[in-house]
Asker: 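One structure, as structure tokens, below. Some questions next.
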Amino acid sequence: DDLTIKGNGTLIVNARFNNGIGTKNDLKIKEGNIVINAAKNAFKGNGSITVEGGDLKVESCKRAFKSDSLETDKGFVTILGGTIDVTATNNVIEATNSISVSGCTIKYSCGSDVTFCDGNVSISDGCMTQK
């Protein structure tokens, strides 16, 4: 099912063997403080991932955000707001169809590409900076 995270609380996830927060459909993050350590992906939405706000800290993972649906209206990562701090051994954002980043602050350190997508990639100036 779809998963939506919202609220003013703090969520700490230590996923030593798999993804931090994941769903087989759409993942939406609207607000909250989230800290993730994950063996694989920090946030995995097979259908899509949409971030509208919040304070997200990814301390360790392969990829911070991943959506891999092959459906034409899915397989996207959209980040419209929030403050995000990422340390990834692979890509920061990976999607099959599109990546869109605007209205947010992302500080990252990664071992591979910042974004990886066979489709459209749109990143507003000043949203993403390397640590």
Side-chain angles (χ1 to χ4, degrees):
D1 282 340
D2 296 341
L3 175 63
T4 300
I5 298 173
K6 60 183 179 177
N8 295 322
T10 298
L11 174 63
I12 299 171
V13 178
N14 290 304
R16 294 187 177 126
F17 301 105
N18 208 338
N19 300 318
I21 298 174
T23 180
K24 291 188 177 185
N25 291 318
D26 301 323
L27 173 61
K28 295 178 183 175
I29 300 166
K30 296 190 175 204
E31 56 191 56
N33 297 308
I34 302 171
V35 178
I36 294 183
N37 284 297
K40 291 188 178 179
N41 307 297
F43 299 95
K44 174 89 176 349
N46 285 0
S48 69
I49 299 174
T50 303
V51 177
E52 296 176 356
D55 187 4
L56 314 179
K57 183 168 184 164
V58 178
E59 295 179 343
S60 175
C61 67
K62 285 188 177 179
R63 293 168 206 87
F65 301 92
K66 183 175 181 184
S67 179
D68 56 8
S69 176
L70 297 175
E71 296 179 44
T72 57
D73 62 336
K74 299 287 182 177
F76 64 85
V77 175
T78 301
I79 303 175
L80 304 170
T83 301
I84 303 167
D85 185 329
V86 174
T87 300
T89 60
N90 203 324
N91 307 314
V92 176
I93 305 170
E94 184 173 316
T96 49
N97 292 323
S98 71
I99 294 171
S100 178
V101 178
S102 65
C104 63
T105 301
I106 301 175
K107 292 183 181 177
Y108 67 89
S109 172
C110 64
S112 190
D113 298 323
V114 177
T115 61
F116 182 83
C117 181
D118 289 332
N120 297 322
V121 176
S122 173
I123 299 174
S124 295
D125 287 338
C127 285
M128 298 184 78
T129 56
Q130 191 168 11
K131 297 194 241 186

Asker: Rounded to the nearest 0.5 Å, what separates atom CG in D85 from atom CG in L56?
Answerer: 10.0 Å
Asker: Over all heavy atoms of both residues, which pair between C61 and A42 is shortest? Give the atoms and the distance, please.
Answerer: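 Closest approach of C61 to A42, heavy atoms only: CB-N, 4.1 Å.
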Asker: For the atom pair CD1 (I79) and CD1 (I49), what is the distance rounded to the nearest 0.5 Å?
Answerer: 8.0 Å
Asker: Return the CG to CG distance between L11 and N33, rounded to the nearest 0.5 Å.
Answerer: 10.0 Å
Asker: Given N41, which of K62, R63, E94 fulfils the side chain to side chain donor-acceptor pair (under 3.5 Å) condition?
Answerer: R63
Asker: So which heavy atom on S102 is nearest to which on S124, and how close?
Answerer: CB-OG, 3.3 Å
Asker: For N46 and K24, work out which heavy atoms get closest and say how close.
Answerer: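 In this case the closest contact between N46 and K24 is CB-O, 3.1 Å.
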Asker: Do D26 and S48 have a side chain donor and acceptor closer than 3.5 Å?
Answerer: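 Result is yes, a qualifying pair exists.
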Asker: Search all heavy atoms of G47 against all heavy atoms of S67 and return the closest pair with its distance.
Answerer: O-OG, 3.2 Å
Asker: Test V77 against every option in I93, L27, T96, V101 by the side-chain contact (heavy atoms from CB on, under 4.5 Å) rule and name the one that passes.
Answerer: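 When I93, L27, T96, V101 are each tested with V77, the side-chain contact (heavy atoms from CB on, under 4.5 Å) holds only for I93.
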Asker: Out of curiosity, does F43 fall in the hydrophobic cluster containing I12 (side-chain heavy atoms, cut-off under 4.5 Å, transitive links)?
Answerer: no
Asker: Under a single-linkage definition using a 4.5 Å side-chain heavy-atom cutoff for Ile, Leu, Val, Met, Phe, Trp and Tyr, are V35 and I5 assigned to the same hydrophobic cluster?
Answerer: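 Different clusters: V35 never reaches I5 through Ile, Leu, Val, Met, Phe, Trp or Tyr contacts under 4.5 Å.
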Asker: Yes or no on side-chain contact (heavy atoms from CB on, under 4.5 Å) for T87 and E59, after CA distance, side-chain angles and deciding distance?
Answerer: CA-CA 5 Å; T87 300; E59 295 179 343; 6.0 Å; no
Asker: Determine, using the 4.5 Å side-chain heavy-atom cutoff (strictly less than), whether F116 and V58 are members of one ILVMFWY cluster.
Answerer: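 No, F116 does not connect to V58 through the hydrophobic network.
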Asker: Measure the spacing between CG of N90 and OG of S112 and express it to the nearest 0.5 Å.
Answerer: 4.5 Å
Asker: Please determine whether residues L3 and L80 belong to a single hydrophobic cluster, defined as Ile, Leu, Val, Met, Phe, Trp and Tyr linked transitively by side-chain heavy-atom distances below 4.5 Å.
Answerer: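 Shared cluster, no.
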Asker: Hey, what do you get for CZ (F76) to OG1 (T50), rounding to the nearest 0.5 Å?
Answerer: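 That separation rounds to 4.5 Å.
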Asker: Do V86 and K131 touch side chain to side chain, with heavy atoms closer than 4.5 Å?
Answerer: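 Not in contact.
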Asker: Does D2 form a side-chain contact (heavy atoms from CB on, under 4.5 Å) with K28? I'd like the steps, not just the answer.
Answerer: CA-CA 8 Å; D2 296 341; K28 295 178 183 175; 5.8 Å; no
Asker: Run the side-chain contact (heavy atoms from CB on, under 4.5 Å) check on V114 and Q130 step by step: do they pass?
Answerer: CA-CA 9 Å; V114 177; Q130 191 168 11; over 6 Å; no
Asker: What's the spacing between N97 CG and L70 CG if we round to 0.5 Å?
Answerer: 7.5 Å
